[in-house]
Number of protein chains: 2
Amino acid sequence: MTTISDVAVHAGVSVMTVSRYFNDPTKLAAATFERVKLAVDELGYVPNATARSLIRGRSDTIALVVADIRHPFFIAIARGVEDVAQAAKYVLFLGNSHETLARERQYLETVISRRVDGVILAPTHGKRHNLEVLRQRGVPTVLIDRRLPDYDLDVVRGDTFTGGRILTEHLLAEGYRDIAFVGGTPGVSSLVDRLGGYERAMAAAGLAPRSMLGRYDQASGEKLVGAMVAAARRGEASLPDALIAANNMVALGALLALRRHGIRVPEDMAVAGFDDFDIASQLDPFLTVVRQPAYEIGREAMQLLLRRFEDADRPTEERVLPVELVVRRSTRRAP
Amino acid sequence: MTTISDVAVHAGVSVMTVSRYFNDPTKLAAATFERVKLAVDELGYVPNATARSLIRGRSDTIALVVADIRHPFFIAIARGVEDVAQAAKYVLFLGNSHETLARERQYLETVISRRVDGVILAPTHGKRHNLEVLRQRGVPTVLIDRRLPDYDLDVVRGDTFTGGRILTEHLLAEGYRDIAFVGGTPGVSSLVDRLGGYERAMAAAGLAPRSMLGRYDQASGEKLVGAMVAAARRGEASLPDALIAANNMVALGALLALRRHGIRVPEDMAVAGFDDFDIASQLDPFLTVVRQPAYEIGREAMQLLLRRFEDADRPTEERVLPVELVVRRSTRRAP
DNA sequence: ATGAAAGCGCTAACAT
DNA sequence: ATGTTAGCGCTTTCAT
């Protein structure tokens with residue numbers, strides 16, 4: 001591989017001159033500049049960023065760690081992060097924690113060893129979470145989608161407490177009374193919040209909440225709703241008249257399970273969820289949702305990280321972006 | 001930041017002993033191993049992969065460059081690549097060329113300078129494409145989705161020529177005769193192939209093909225179909241009775257444009273596309289498509305790259321994965 | 001089983 | 001405006 005000294009020899013200058021060609025060309029005489037340029041082009045030289053970052057102590061690289069790469073919500077966030085990162089000349093490592101502490105930790109150690117300048121993380125829930133690793137190494141970190149107690153970090157997330165509340169209030173206003181909450185990973189702050197908003201609204205209406213938690217994915221939605229229907233058919237419990245799914249993947253699973261059991265939406269049961277479907281909702285606007293500005297969450301997270309690079313001591317910020325209720329057919333009784 | 005010599009001092013050994021602790025622990029005496037382990041834990045030491053890769057000449061890092069990160073097809077590919085990469089202990093850089101040669105080139109140079117061990121690329125079309133940069137530096141490269149003439153590289157792609165043919169044959173069998181092809185970036189091999197399959201089938205049926213090309217995205221589908229309808233309304237051209245969209249984003253745009261103009265699908269016009277929708281098709285299986293195994297394309301691409309790391313001289317492979325026709329309501333005349 | 005010396009490719013700091 | 005020296009944190013090679 002061509003190195004800086006190959007170029008220096010080829011151009012008949014010192015390595016520092018070649019280094020300056022890339023880092024501060026204005027310091028070179030016009031003639032020298034041209035000679036170096038020629039040598040660089042002829043040899044097809046690309047500087048070794050590895051060597052540069054070893055000495056500079058920074059890599060112009062950041063890592064994005066999401067919980068589930070299949071989830072449209074995180075994909076939109078990734079787009080937001082990537083757009084801002086690319087504009088600021090940062091390259092992006094993308095990793096998937098699969099909502100698992102062990103995987104998350106392994107991934108974080110990998111990117112720390114690669115000396116990323118910062119991390120944007122949707123933290124997995126658990127007793128001993130992995131933030132300690134990042135804090136100990138002093139890696140600038142921005143949390144997305146999820147708060148974490150005990151860590152004074154920048155956070156960007158949607159206001160899903162309000163989301164849970166207004167979604168429930170909408171269902172109440174439509175006349176639903178037995179409203180159940182389904183899916184989501186217990187303990188994760190985004191779930192705690194939206195569940196909390198739901199419970200608050202139910203309490204305000206003098207109604208009892210009921211929830212079935214699990215995970216944040218489609219399979220969980222299918223399983224929980226399938227079990228719920230089976231229990232009702234055995235006469236063990238009543239079927240609710242409305243369902244709030246913890247996110248859109250859970251909503252999808254729930255809708256499929258209900259369809260399989262011949263329960264019509266919204267005629268027999270209303271269904272609502274969190275996060276919108278980008279394509280399905282354009283093709284057939286059916287599901288009522290609380291929409292979070294996912295792309296914006298990604299953008300703001302990266303912007304916050306850049307700002308922290310500039311000033312490590314600035315006070316941390318928690319940006320809670322507003323959500324939006326989008327009412328569609330799935331929660332409307334009358335046609 | 002803690003370095004290897006900090007650990008060495010703390011443990012009372014040489015730096016080489018600490019290095020061996022990480023790279024070949026069997027060479028250490030049990031007692032020495034424990035002392036190093038203690039020092040590593042106490043100091044929270046994580047080896048600097050940057051320094052290691054400088055000397056080793058490899059980084060255990062690969063780059064995935066896709067044309068459009070909004071496209072579900074590329075997202076599924078990314079998942080496949082990531083799953084195999086993670087299992088093989090590689091970290092993934094993710095980049096977006098926006099179907100632009102300049103962006104692609106800039107991104108490739110960035111990751112080359114970071115000394116990625118390999119690149120998986122959906123190459124942007126253009127006269128002077130950027131593969132030369134990779135070849136000159138000897139970076140192992142696997143192409144996805146798109147062939148490139150003049151470059152003897154591993155390729156993994158779907159058999160979209162056959163896809164174009166069977167999709168057209170399906171429409172012909174349903175009785176459609178005036179079938180138009182819409183969208184897609186001219187010159188890109190995936191488009192050339194699916195358009196070729198369409199034209200072959202039309203010719204075999206003794207029918208004239210008609211196509212309107214543009215880009216591979218939703219906006220292009222909307223614009224082209226909007227213009228087509230406007231021209232028909234001005235009496236400048238007839239409306240086709242069936243439409244083949246170059247991919248699913250184009251199909252989405254086409255469907256929205258048709259809806260806006262009050263043209264019903266499939267009653268007034270049939271619509272079919274390439275690539276399936278993951279969520280929309282589960283919620284409401286409407287659009288007839290040729291489905292490509294996107295996740296598998298990603299997996300195989302990464303596997304091919306790993307194999308090339310092991311043996312740089314093995315002959316290149318072109319893996320053409322079979323596609324599948326999924327017939328749904330959008331191309332069925334009778335209810 | 002452990003260590004000392006050299007150097008990967010580059011840049012910061014100091015010459016000239 | 002250009003060059004020299006030292007060293008970033010690690011591993012390779014060659015001792016012991």
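Regarding Tyr21(A), its OH atom lies at a distance of 18 Å from the C1' atom of dG9(C), rounded to whole Å. Regarding Asp24(A), its CG atom lies at a distance of 15 Å from the C1' atom of dA13(C), rounded to whole Å. If you take CZ of Phe33(B) and C1' of dT2(C), they are 16 Å apart, rounded to a whole angstrom. Leu43(A) has its CG atom 14 Å from the P atom of dG9(C), to the nearest Å. dG9(C) atom P lies 16 Å from atom CZ of Arg58(B), rounded to whole Å.
Taking CG of Leu134(B) as the start and CD1 of Ile112(B) as the end, the distance is 4.5 Å to the nearest 0.5 Å. Rounding to the nearest 0.5 Å gives a distance of 9.5 Å between NZ of Lys27(A) and CE of Met16(A).
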### Task
Go along nucleotides 8-16 of chain D 5' to 3' and tag each nucleotide: B for a protein heavy atom under 4.0 Å from its base, S when only backbone or sugar atoms are that close, - otherwise.
BBBBB----
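Two rings, from Phe74(B) and Tyr216(B), have their centers 6.0 Å or more apart. Between Tyr21(A) and Tyr45(A), the gap from one ring centroid to the other reaches at least 6.0 Å.
Between Thr124(A) and Arg103(A) the shortest side-chain heavy-atom distance does not fall below 4.5 Å. Proximity of Met302(B) to Leu306(B): side-chain heavy atoms (C-beta onward) are separated by under 4.5 Å at one or more points.
Among the protein residues, Ser53(A) comes within range of no part of the nucleic acid, since none of its heavy atoms lies under 4.0 Å from any strand.
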